[in-house]
Amino acid sequence: MTDVRNASAVPRAFFDRPVLDVARDLLGRVVVHSSDDGDVAVRLTEVEAYAGPGDPGSHAARGRTPRTAVMFGPPGHAYVYFSYGMHWCANLVCGPEGTASAVLLRAGEVVDGLDLARSRRAAARKDVDLARGPARLAAALGLDKAQDGADLCAPTSALRVVDGPPLSSSSEVLSGPRVGVSGEGGNGERFPWRYWLAGEPTVSAYRVAAPRRRRAGSPRTSATTRPTDEESTQ
């Protein structure tokens, strides 16, 4: 295993590419977060790509807002947001500045700082569940609003992406619809932008977005059901 604590961060040029290329190439790489409590490192096994304006699943679909400003670049920064008032989730900004592309970190394997990750994810019954889902992954790494906008490529950054062991020739990258994203049409076949490593037990469960049940007397809404910490979306 790569010495992730002392490994150099991947360069900004890695992120300054089309979002689908970055998403696939993040699989097998390691996200490291150093805090006062210690270091935790997660090897990525599942991600989702979001392409900004024109992508109905993206937070940036309607343009720049104070919340999404970091998504518009430059690449190589973190976009961390609070999902449905329940969980933190983390994205890595990529593509040319101004495109608002980002990759949601959906799931991974804790490869360093296991005890600290367990203390942050006390509800996890098994280690494979520590970062199995985007909110669980963010919690295991100890990410919150303080990391929003963090420069992953800065030499002194506490949050960074480093190379993991090379994927074997037998490693298979699969793709399919994103989890819990409504409004894509046809259950998301237009955007098969979720990528994962086949056979990895840490990959999260796939669930199609479903309409939220309307209580009697409440207005009609097309909002989706609130996702769990395993299935939170961008």
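All values below come from the heavy atoms of this structure, side chains included, with hydrogens, waters and symmetry mates left out.
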Working for side chain to side chain contact (heavy atoms under 4.5 Å, CB included), residues Tyr81 and Thr68
CA-CA 9 Å; Tyr81 67 91; Thr68 63; over 6 Å; no
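- Looking at Val80 and Asp144, their side chains never come closer than 4.5 Å, going by heavy atoms from C-beta outward.
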Show me the side-chain donor-acceptor pairs of residues 123-131 shorter than 3.5 Å, one per line, residues at least two apart or across chains.
from: Asp127; atom 1: OD1; to: Arg118; atom 2: NE; distance (Å): 3.1
from: Asp127; atom 1: OD2; to: Arg118; atom 2: NH2; distance (Å): 2.7

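- In this structure, Asp39 has no salt bridge (charged side-chain N to carboxylate O under 4.0 Å, His left out) partners at least two apart in sequence or on a different chain.
- Contact annotation: the side chain of Leu44 approaches that of Leu137 to within less than 4.5 Å [non-hydrogen atoms, C-beta and beyond].
- For Asp112, the salt bridge (charged side-chain N to carboxylate O under 4.0 Å, His left out) criterion is met by Arg5, not counting sequence neighbours.
- The only member of Val32, Val110, Val40 that meets side-chain contact (heavy atoms from CB on, under 4.5 Å) when paired with Leu141 is Val40.
- There is a side-chain donor-acceptor pair under 3.5 Å between Arg160 and Ser34.
- At a threshold of 4.5 Å between non-hydrogen side-chain atoms, the residues Trp196 and Thr45 do not count as touching.
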Kindly indicate, with the supporting measurements, whether the criterion side chain to side chain contact (heavy atoms under 4.5 Å, CB included) is fulfilled by His77 and Arg12.
CA-CA 9 Å; His77 287 70; Arg12 198 171 309 280; 3.6 Å; yes
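- In this structure, Arg194 CZ and Arg178 CZ are separated by 11.5 Å, a value rounded to the nearest 0.5 Å.
- For the side-chain contact (heavy atoms from CB on, under 4.5 Å) test with Phe15, the passing option among Val161, Asp25, Val103 is Val161; the others fail.
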